Q: 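My structure is below; once you've seen it, I'll send some questions.
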Amino acid sequence: MLIFMKILLIIASVGLIAIVLLQKGKSAGLSGAISGGAEHLFGKQKARGLELLLSRTTMGLAAAFFILSIVVAYVVKS
């Protein structure tokens with residue numbers, strides 16, 4: 001069971017890395033660093049199509065990664 005959860009954790013981490021690298025950058029350069037965070041925070045740009053799919057997949061894989069990390073750490077400690 002522990003080996004299976006570790007394999008799932010590795011798959012989730014590699015998938016998360018791949019999905020994050022596939023996403024397009026929202027802003028570039030120094031001006032994007034200053035204003036980009038506010039635009040992302042207040043939702044001035046709506047994600048559509050592939051961007052929306054990548055965003056939701058990233059959230060799902062991130063949640064799976066955190067949950068699996070906590071479960072694996074708990075099982076190893078026990």
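Fair warning: this is a prediction, and the values are worked out from it, not measured in the lab.
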Q: Side-chain atoms of residues 1-17: list all donor-acceptor pairs with protein atoms under 3.5 Å, sequence neighbours left out, distances to 0.1 Å.
A:
from	atom 1	to	atom 2	distance (Å)
S13	OG	L9	O	3.2
S13	OG	I10	O	2.8

Q: Would you mind listing every side chain to side chain donor-acceptor pair (under 3.5 Å) that reaches into residues 66-78, with sequence neighbours excluded?
A: none
Q: State the CZ-CG distance between R56 and L61, to the nearest 0.5 angstrom.
A: 14.5 Å
Q: Quick one: side chain to side chain contact (heavy atoms under 4.5 Å, CB included) partners of I67, sequence neighbours excluded?
A: V71
Q: State yes or no: do M59 and V20 share one hydrophobic cluster built from I, L, V, M, F, W and Y residues joined by side-chain heavy-atom distances below 4.5 Å, directly or via other members?
A: no
Q: Distance check, rounded to the nearest 0.5 Å: Q23 atom CD versus T57 atom OG1?
A: 9.0 Å
Q: Where is the tightest heavy-atom contact between T58 and L54, given as atom of each residue plus distance?
A: OG1-O, 2.6 Å
